[in-house]
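One structure is given here, and the rest of the page talks about it.
Side-chain atoms are counted along with the backbone in the values below, which use heavy atoms only and exclude waters and symmetry mates. Residue numbers count from 1 along this sequence.
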Amino acid sequence: MSEFDKSYFARRAAEEAELALAAADPDAAETHRRLQRAYIERASVGERVTEAAEIIG
């Protein structure tokens, strides 16, 4: 994942946090917090190195 993508997801997470705090409806606030967590997860993933599985035979 590019640095641009990670910064986009981090920015969206911050926006969702603000929306959660501003929401008057508890259900809407919870939805914004769920979206925030999803964006944080996406922002934190980054490039992953995959290792080949060891074949036991």
Side-chain angles (χ1 to χ4, degrees):
M1 174 181 303
S2 73
E3 288 300 315
F4 175 79
D5 291 338
K6 287 196 281 186
S7 64
Y8 168 79
F9 290 125
R11 185 173 59 252
R12 288 295 295 131
E15 291 170 1
E16 291 298 335
E18 290 177 14
L19 291 170
L21 291 173
D25 178 18
D27 291 333
E30 177 60 25
T31 299
H32 287 299
R33 283 190 291 273
R34 287 181 184 195
L35 285 168
Q36 177 193 14
R37 286 190 294 271
Y39 283 125
I40 288 171
E41 184 177 320
R42 290 297 304 266
S44 66
V45 170
E47 296 293 333
R48 302 254 183 202
V49 176
T50 57
E51 296 180 19
E54 180 182 345
I55 298 175
I56 300 174

query: Listed by chain and number, what are the side chain to side chain contact (heavy atoms under 4.5 Å, CB included) partners of A14, not counting sequence neighbours?
result: none
- line: A17 meets the side chain to side chain contact (heavy atoms under 4.5 Å, CB included) criterion, sequence neighbours left out, with Q36
query: Can you tell me how far the CD atom of E16 sits from the CD1 atom of I40, to the nearest 0.5 Å?
result: 10.5 Å
Residues in side chain to side chain contact (heavy atoms under 4.5 Å, CB included) contact with A38, at least two apart in sequence or another chain: none
- prompt: How would you list, by chain and number, every residue that makes a side chain to side chain contact (heavy atoms under 4.5 Å, CB included) with D25, sequence neighbours excluded?
  reply: D27, A28
message: Please report the interatomic distance CG(D5) to CZ(R42), rounded to the nearest 0.5 Å.
response: 8.0 Å
- prompt: Does E30 have any salt bridge (charged side-chain N to carboxylate O under 4.0 Å, His left out) partners at least two apart in sequence or in another chain, and if so, which?
  reply: R33, R34, R37
message: The criterion is salt bridge (charged side-chain N to carboxylate O under 4.0 Å, His left out); which residues satisfy it with R11, sequence neighbours excluded?
response: none
